[in-house]
Q: 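For reference, the structure I am asking about is given below.
Residue numbers start from 1 in every chain, and the chains themselves are labelled A, B, ... in the order their sequence lines are given, proteins ahead of strands.
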2 protein chains.
Amino acid sequence: MSCVFTLKQKGLKLTPQRRLIAEAIHDIPAHLSAEEIITYVQEKMPGVNKSTVYRTLELLEEAGCVYRSRIDDTFVYHHAEEGHHHHLVCRKCGKSVDCDEDLLASAEQEVADRYGFKVDLKHVVISGLCQACAHET
Amino acid sequence: MSCVFTLKQKGLKLTPQRRLIAEAIHDIPAHLSAEEIITYVQEKMPGVNKSTVYRTLELLEEAGCVYRSRIDDTFVYHHAEEGHHHHLVCRKCGKSVDCDEDLLASAEQEVADRYGFKVDLKHVVISGLCQACAHET
DNA sequence: GGCATAATTGCAACCAGGTGCAATTACAAT
DNA sequence: ATTGTAATTGCACCTGGTTGCAATTATGCC
C-alpha cells in the first residue's frame, strides 16, 4: 500500500499493472525472483509484459520501496522494511535469515579508513550454506 | 603457463584456443571482462567462438587458475595468485585495489557463530566509490 | 606417420534482463 | 464528460552468458 502511495507522491501514474506488482511484493513476505513476480502478476492480469514488471520494480527500488539483490545468478526483490537490511541466504535450500545491522559495519569502516573506499554493505545479500545444508554432505 | 600445465595435468586437451585464453589472463595483470578476453583471443585467432572462451574460463576457474567475480553487472576474470584474494573496485572509474585478507575474516566468523551460516567471502569483490570518484560530485 | 576415439569446437538457439519506440492510457484541466 | 498531454505499456529487438548437438581435432597407441 505504502508503495503505491509513494509512487503517487512522485507524480507517477498508478496503473493496474503497477498496483499488481506492488501487491505482489507487499503481500508475499519473501525474496521474490522477477520470474515469480511476473507469474503472480500475469495470473491476475494476463498479457502484462515482463519489461513493464522490470521497469516498475526499478521504479520502486528508486523510490526506496523495494530492495533488489543478486543471489547467485538471479535478482531477488523484497519489500523494504526498516530494521533488517541484509540477509544470509542459503545457496542450496534458499532459506533466508535476516542478520544484524552491525555485522558488516566494522568492515565498512575499515574499508573507508584504510583504502578511502566508500562502500555500502547495508543491502548486501550474503550467500552461503546454512547449518542444515552444510551438514548433509 | 602454469595454467596450461594444470589443464594437462587433468587430462584435458591443449588446444590453440585454450592456449590463447590462458595467455590472456596470464599476461594481462588486471580484472578482465569476458568481452576483453574474447577480443584478445579473436585478434590473434579470428573465428574463435565466445562459448569456447566462456567454457575455457569456467574450466580454468574449476582448476583453480582463475577467479571469476561479478562486478555490478558483468563478470571479471583474473589470474589466481596467492596473497590478495579480494578486491575493492570503484563502480565509477573501475580502479581496483587489493585489500587485506583479514578484512572480512571477522565478519565471516560472526556469521558462523551467530547464525550457523558457512560463507566464503575470500573471493568477494566489493564495489564502491574510490576516494577520487567519491569527491567529484 | 597413421588411426581410433574421446574431448573440444562452432553453431544456433536459448535465458534473464534491459531498451527504443510507436500506440495506449491515467490523470488534470476545462 | 471531453479533451490534451505526458507517462506508461507492449512489442520487438538487443545484451551477456549458457547449453545441446553435430562436426572437428588433440592426444595416446600401434
Q: For the pair made of CG in B/Asn49 and P in D/dG16, what is the distance, rounded to whole Å?
A: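 In whole Å, D/dG16 P lies 14 Å from B/Asn49 CG.
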Q: Please confirm whether any donor atom in the side chain of B/Arg68 sits under 3.5 Å from an acceptor in the base of D/dG16, or the reverse.
A: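 By the distance-only test, no, there is no pair.
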Q: Nearest-Å distance, CD1 (B/Ile38) to C1' (D/dT15)?
A: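 Between C1' of D/dT15 and CD1 of B/Ile38: 12 Å.
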Q: Just how far, in rounded Å, is P of D/dA7 from CG of A/Leu7?
A: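 A/Leu7 atom CG is separated from D/dA7 atom P by 14 Å.
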Q: Calculate the interatomic distance between A/Lys13 atom NZ and D/dG4 atom P; express it in whole Å.
A: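 It is 15 Å, rounded to the nearest whole Å.
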Q: Could you check how far CD of A/Glu62 sits from C1' of D/dA7, rounded to whole Å?
A: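 Checked: the CD to C1' distance equals 15 Å.
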Q: Provide the full list of salt bridge (Lys or Arg N to Asp or Glu O under 4.0 Å) pairs with a residue in residues 28-46 of chain A, sequence neighbours left out, each pair given once.
A: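 Only A/Glu23-A/Lys44 qualify under salt bridge (Lys or Arg N to Asp or Glu O under 4.0 Å).
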Q: Need to verify one output field. Residue with the more 5' nearest nucleotide on DNA chain C, A/Leu14 or A/Tyr54?
A: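 With A/Leu14 and A/Tyr54 compared, the 5'-side residue is A/Tyr54.
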Q: Whole angstroms only, please: what is the NZ-P distance between A/Lys50 and D/dG10?
A: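 Checked: the NZ to P distance equals 13 Å.
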Q: Among residues two or more places apart or on two chains, list those pairs meeting salt bridge (Lys or Arg N to Asp or Glu O under 4.0 Å) that have a residue in residues 47-66 of chain A.
A: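 Listed once each, the pairs would be none.
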Q: Test of understanding: with side-chain hydrogen bond (donor to acceptor under 3.5 Å, both in side chains), list the residues that count as partners of A/Asp113, not counting sequence neighbours.
A: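 By the side-chain hydrogen bond (donor to acceptor under 3.5 Å, both in side chains) rule, A/Asp113 matches A/Gln109.
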Q: Can you list everything that forms a side-chain hydrogen bond (donor to acceptor under 3.5 Å, both in side chains) with B/Asp27? Sequence neighbours excluded, please.
A: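 B/Asp27: no side-chain hydrogen bond (donor to acceptor under 3.5 Å, both in side chains) contacts found.
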Q: Calculate the interatomic distance between B/Leu59 atom CG and D/dG17 atom P; express it in whole Å.
A: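 Nearest whole value for this atom pair: 18 Å.
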Q: Tell me who clusters with A/Val66, hydrophobic residues only, linked when side chains sit under 4.5 Å apart either directly or through other members.
A: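 Members other than A/Val66 - counting any ILVMFWY side chain reachable under 4.5 Å - are A/Leu7, A/Leu12, A/Leu20, A/Ile21, A/Ile25, A/Ile28, A/Leu32, A/Ile37, A/Ile38, A/Tyr40, A/Val41, A/Met45, A/Val48, A/Val53, A/Tyr54, A/Leu57, A/Leu59, A/Leu60, A/Phe75, A/Tyr77.
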Q: DNA chain D: B/Ala34 or B/Thr15, which has the more 5' nearest nucleotide?
A: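 Its nucleotide being nearer the 5' end, the pick is B/Ala34.
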Q: Toward the 5' end of DNA chain D, which comes first, A/Gln17 or A/Asp73, by nearest nucleotide?
A: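 Comparing both residues, the 5'-ward one is A/Gln17.
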Q: Rounding to a whole Å, what distance do you find between A/Arg18:CZ and D/dA7:P?
A: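 The distance from CZ of A/Arg18 to P of D/dA7 comes to 11 Å, rounded to the nearest Å.
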Q: Atom NE2 in A/His31, atom OG in A/Ser69: separation rounded to 0.5 Å?
A: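 Here the rounded value is 5.5 Å.
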Q: Using a heavy-atom cut-off of 4.0 Å across all strands, would you classify A/Gly11 as base, sugar-phosphate, or nothing?
A: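 Here A/Gly11 touches no strand at all.
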Q: Earliest and latest nucleotide of DNA chain C, 5' to 3', sitting under 4.0 Å from a non-hydrogen atom of chain B?
A: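 Terminal contacting nucleotides, 5' to 3': C/dA6 to C/dC11.
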